[in-house]
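Read the structure below first, then the notes.
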Amino acid sequence: MMDDLNSLFHKITLDDKERFDKTVSDIYIEACDYTFANNIMWADCYHTEVAYLYDCLLIKYSVNGEMMFAYPMSADSCKRINCVKMLIELCDKEGINLKFTLITEKIKKELLSEFRGLFEIDAFRDGFDYVYERKRLELLPGSKLAAKRNHIHRFNEKGNWEYEVIDKNNIDECIKLEYAWILSQPNEDKQSLICECEAIRFAFEHFTELGLSGGAIRQNGRIVAFSVGERLNRDTFVVHFEKADGSIQGAYQIINQQFAEHNSEYGIEIKNSHYGTEIGSFQTFWGLPISASYIWDT
């Protein structure tokens, strides 16, 4: 048995990618928080640490000073259950509140069945991911989405533009646009902006290593919008970042539409809850994160 949480977990690094990806490769991932890139990009902000126990992947992080755990990841339910038992013991020993996040309906049933009466289940709607049908993002059909099409029309009037795949030749320009976006934002939540800036910087610095892909819009000689993401599962693409020059009407709408068009192999597109931008009437919420807090004896 592990002596404590500190001896079990370590800060996530790029060296974890192979084992992290191998562990989750047999799982149908249902939220952007389960990807390696998402975890390591935000590691400094959320103090993300990982561990490998009973062939399960464990993720520990902190939100507003509260320690949380992603539910153990493995295709084997017995291994997941053993990890939960171990975490209950360690947290009890250290006087830590055990709280799991990213609970799917399948895992919720597992918790309620194997640990009956021991966990309190709750949903945090503000943290849900935004889910879209990719084809509708591309075509923007119907009268309800006429405003989006009109924004794109206005963008087209401002000059010729082209869609570019993000690579080493334009990454620096994308970073420059991000910095300009940061400077244009109100200063009420500086820490959040700093976290975002660091996450995007890390993503671009390790773009290839993380397996990310992206697209950008160049108009009148400069990058005015970009979107970055990665494959989540066999039919879903997760968008981690989507930024545009807010002074240009239609810039956000055109990168959103074009990125969907250029990732046509996917049926679903998820917007990371950090960057979820409402696209209108066809927005749906993925049923995550549901949290489960262990009920300690009093």
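All values below come from the heavy atoms of this structure, side chains included, with hydrogens, waters and symmetry mates left out. The residues of the chain are indexed from 1 along the displayed sequence. Since this is a predicted model, take the numbers as computed values, not measurements.
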Do [X] and [Y] pair up side chain to side chain, a donor and an acceptor below 3.5 Å, judged on atom types alone?
X	Y	value
Glu261	Gln257	yes
Asp16	Tyr52	yes
Thr35	Glu230	yes

Considering non-hydrogen atoms only, spot the tightest contact between [X] and [Y] and give its length.
X	Y	value
Ala43	Ile12	CB-CG2, 3.7 Å
Ala51	Leu8	CB-O, 3.3 Å
Leu140	Ile152	CD1-CD1, 3.7 Å
Gly221	Glu173	O-OE1, 4.5 Å
His240	Ala37	NE2-CB, 4.3 Å
Phe259	Ser227	CD2-OG, 3.4 Å

What distance separates [X] [atom1] from [Y] [atom2], expressed to the nearest 0.5 Å?
X	Y	atom1	atom2	result
Lys135	Leu137	NZ	CG	11.5 Å
Leu98	Leu87	CG	CG	6.0 Å
Trp181	Ile200	CH2	CD1	7.5 Å
Lys148	Asn256	NZ	CG	8.5 Å
Phe204	Leu210	CZ	CG	11.5 Å
Met86	Leu5	CE	CG	10.5 Å

Checking the side chain of [X] only, and the main-chain atoms of [Y] only, is there a donor and an acceptor separated by less than 3.5 Å?
X	Y	value
Arg149	Gly142	yes
His262	Gln258	yes
Asp55	Thr23	no
Glu178	Cys174	no
Arg218	Glu162	no

Are Glu157 and Arg154 ion-paired here, with the side-chain N under 4.0 Å from a carboxylate O?
yes

Are any of the side-chain nitrogens in Arg80 or Glu110 under 4.0 Å away from the carboxylate oxygens of its partner?
yes

State plainly whether one hydrophobic cluster holds both [X] and [Y], where clusters connect Ile, Leu, Val, Met, Phe, Trp and Tyr through side-chain heavy atoms under 4.5 angstrom apart.
X	Y	value
Val239	Leu139	no
Ile194	Ile175	no
Met41	Leu14	yes

Are any of the side-chain heavy atoms of [X] and [Y] separated by less than 4.5 Å?
X	Y	answer
Asn39	Tyr46	no
Asp44	Lys11	yes
Lys85	Tyr54	no
Ile40	Phe36	yes
Glu114	Val84	no

What do the steps show when you test Lys22 against Arg19 for side chain to side chain contact (heavy atoms under 4.5 Å, CB included), and what is the final call?
CA-CA 5 Å; Lys22 184 177 185 300; Arg19 190 170 184 183; 5.6 Å; no

What about Phe115 and Phe100, are their ring centers closer than 6.0 Å?
no

Given the rule in the side chain to side chain contact (heavy atoms under 4.5 Å, CB included) test, do Ile254 and Tyr163 qualify, once you have shown the distances and angles that lead to the verdict?
CA-CA 10 Å; Ile254 192 68; Tyr163 177 90; over 6 Å; no

Neighbour count above 12 (heavy atom, 6.0 Å) for Asn160 CG
no

Please report, to 0.1 Å, the donor-acceptor pairs under 3.5 Å made by any side chain of residues 58-68, with sequence neighbours excluded.
{"unit_1": "Lys60", "atom_1": "NZ", "unit_2": "Glu49", "atom_2": "OE1", "d": "3.1"}
{"unit_1": "Tyr61", "atom_1": "OH", "unit_2": "Thr101", "atom_2": "OG1", "d": "2.4"}

Could you go through the side chain to side chain contact (heavy atoms under 4.5 Å, CB included) check for Tyr34 and Ile27 one step at a time?
CA-CA 10 Å; Tyr34 282 124; Ile27 304 171; over 6 Å; no

So Trp42 and Phe241, would you call those rings parallel, tilted or perpendicular, with 30° and 60° as cut-offs?
tilted

For Leu112, run the side chain to side chain contact (heavy atoms under 4.5 Å, CB included) check against Arg116, Lys108, Lys109 and tell me which one passes.
Lys108

For a side chain to side chain contact (heavy atoms under 4.5 Å, CB included) check, start with the C-alpha distance between Glu196 and Lys243, then their side-chain angles and the critical distance, and finish with the verdict.
CA-CA 12 Å; Glu196 172 180 329; Lys243 294 298 176 189; 2.8 Å; yes

Those residues that, when tested against Ile248, pass side chain to side chain contact (heavy atoms under 4.5 Å, CB included) (two or more places apart):
Phe155, Lys158, Gln219, Arg222, Val224, Asp245, Ala251

